[in-house]
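All remarks here apply to the structure that follows.
Heavy atoms only: backbone and side chains are in, while hydrogens, waters and symmetry mates are out. Along the sequence shown, the residues carry numbers beginning at 1.
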Amino acid sequence: MKRFLHYFLIFSAFSTYAQIMVEVTPNGINPNQIQETIPPMTDERFMELSQMWIAEFSRGESNITEVTANSLTIDAMRDNAFLYRNKGETFLHNIKYQLKISKNGDTYTSSIKILEIYARKVLLESTIADYFLPNGNLKEGFEEVKPSLERSLNIILNSYDRYLKTTKS
């Protein structure tokens with residue numbers, strides 16, 4: 001039993017390490033482009049899997065544009081993408097994000113950016129940079145924006161990565 005637990009802990013450490021991690025900064029998302037290896041597949045299968053993933057992940061509420069033989073752009077919404085609390089009240093915000101994906105051989109490149117921020121269904125005129133001070137620190141009262149938004153972006157990117165790597169080709 002001890003040996004099993006030991007192997008499980010080692011495997012867990014490596015699987016956590018392999019996850020895609022991005023950071024939100026006042027200037028955008030870092031790293032701007034992510035490159036990952038995928039199992040061998042045709043460009044057609046890659047495009048098919050990408051379209052199947054977003055249909056499942058966004059429950060059909062997405063827009064696919066700029067389609068080529070091996071790349072596409074996805075615009076979609078993420079509900080409750082980030083939050084902050086003020087005087088005991090929690091404010092949840094939705095985002096419209098854009099995910100650009102392209103395949104080259106056995107690797108794909110993705111980049112994600114936030115297009116719009118919503119309070120419920122109302123479009124806000126703010127950007128992510130508005131939650132930061134000029135020195136790069138978060139403004140007072142918005143300390144939860146960065147970690148909650150990073151969590152949401154990492155969920156999106158890792159969901160796509162897992163889908164490509166685990167769906168039967």
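When the side chain to side chain contact (heavy atoms under 4.5 Å, CB included) test is applied to N86, the partners found at least two apart in sequence or on another chain are F91. Under the rule for a side chain to side chain contact (heavy atoms under 4.5 Å, CB included), P147 has no partner lying at least two apart in sequence or in another chain. With sequence neighbours left out, Y131 forms a ring-ring contact (aromatic ring centres under 6.0 Å, His included) with F82, F142. Legend: residues meeting side-chain hydrogen bond (donor to acceptor under 3.5 Å, both in side chains) with N154, ordered by chain and number and at least two apart, are absent.
Looking at heavy atoms from C-beta onward, M47 lies in side-chain contact with L72 at the 4.5 angstrom threshold. The shortest side-chain heavy-atom distance between H93 and L124 falls under the 4.5 Å cut-off. The shortest distance between side-chain heavy atoms of L99 and T73 does not fall below 4.5 Å.
Using a distance-only test at 3.5 Å, with no hydrogens or angles considered, a donor-acceptor pair links the side chain of S152 to the main chain of A81. Within the 3.5 Å criterion, the main-chain N or O of R162 finds a donor-acceptor partner in the side chain of T166. Counting only distance, with no hydrogens or angles, the side chain of T107 and the backbone of N104 share a donor-acceptor pair below 3.5 Å. When atom types are taken as modelled, the side chain of K103 and the backbone of M41 share a donor-acceptor pair closer than 3.5 angstrom. Checking side-chain atoms of K139 against main-chain N and O of D130 turns up a donor-acceptor pair under 3.5 Å. S159 places no side-chain N or O within donor-acceptor distance of the main-chain N or O of I156, the cut-off being under 3.5 Å. In this structure, the side chain of N94 engages the main chain of N80 through a donor-acceptor pair within 3.5 Å. Of the possible donor and acceptor atoms, one in the side chain of E150 sits under 3.5 Å from a partner among the backbone N and O of V24. Under the 3.5 Å distance criterion, the side-chain polar atoms of D43 are left unmatched by any main-chain donor or acceptor of N70.
Counting non-hydrogen atoms of other residues, nucleotides and ligands closer than 6.0 Å to CG of N63 gives a total above 12. Environment of NZ in K113: sparse, with no more than 12 heavy atoms of neighbouring residues, nucleotides or ligands closer than 6.0 Å.
Closest non-hydrogen pair, K165 versus T37, comes out as CE-O, 2.8 Å. A129 and P26 make their closest contact through CB-O, 3.4 Å (heavy atoms, listed as atom of the first residue, atom of the second, distance). What you find for Q33 and S111 is that their closest heavy atoms are CG-CB, 4.2 Å.
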Could you go step by step and tell me if S50 and Y108 meet the side-chain hydrogen bond (donor to acceptor under 3.5 Å, both in side chains) rule? CA-CA 11 Å; S50 297; Y108 76 91; over 6 Å; no
Trace of the side chain to side chain contact (heavy atoms under 4.5 Å, CB included) decision for I101 with F46: CA-CA 10 Å; I101 308 161; F46 172 79; 3.3 Å; yes
Full working for side chain to side chain contact (heavy atoms under 4.5 Å, CB included) between D75 and L115: CA-CA 9 Å; D75 292 351; L115 300 175; 3.9 Å; yes
Given side chain to side chain contact (heavy atoms under 4.5 Å, CB included), test D161 with I34 step by step and report yes or no. CA-CA 11 Å; D161 187 63; I34 297 160; over 6 Å; no
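Tested against S110 for a side-chain contact (heavy atoms from CB on, under 4.5 Å), the candidates I74, L164, L157 yield a single pass: L157.
Residue pairs meeting the side-chain hydrogen bond (donor to acceptor under 3.5 Å, both in side chains) criterion with at least one member in residues 20-32, sequence neighbours excluded, are E23-K146.
Between Y163 and F57, the ring center distance fails the sub-6.0 Å criterion.
Here M77 is tied into one hydrophobic group with Y118, L123, each link being a pair of ILVMFWY side chains closer than 4.5 Å.
Between E143 and R85 no salt bridge is recorded (no basic side-chain N to carboxylate O distance below 4.0 Å).
With values rounded to the nearest 0.5 angstrom, I114 atom CD1 is found 12.0 Å from R78 atom CZ.
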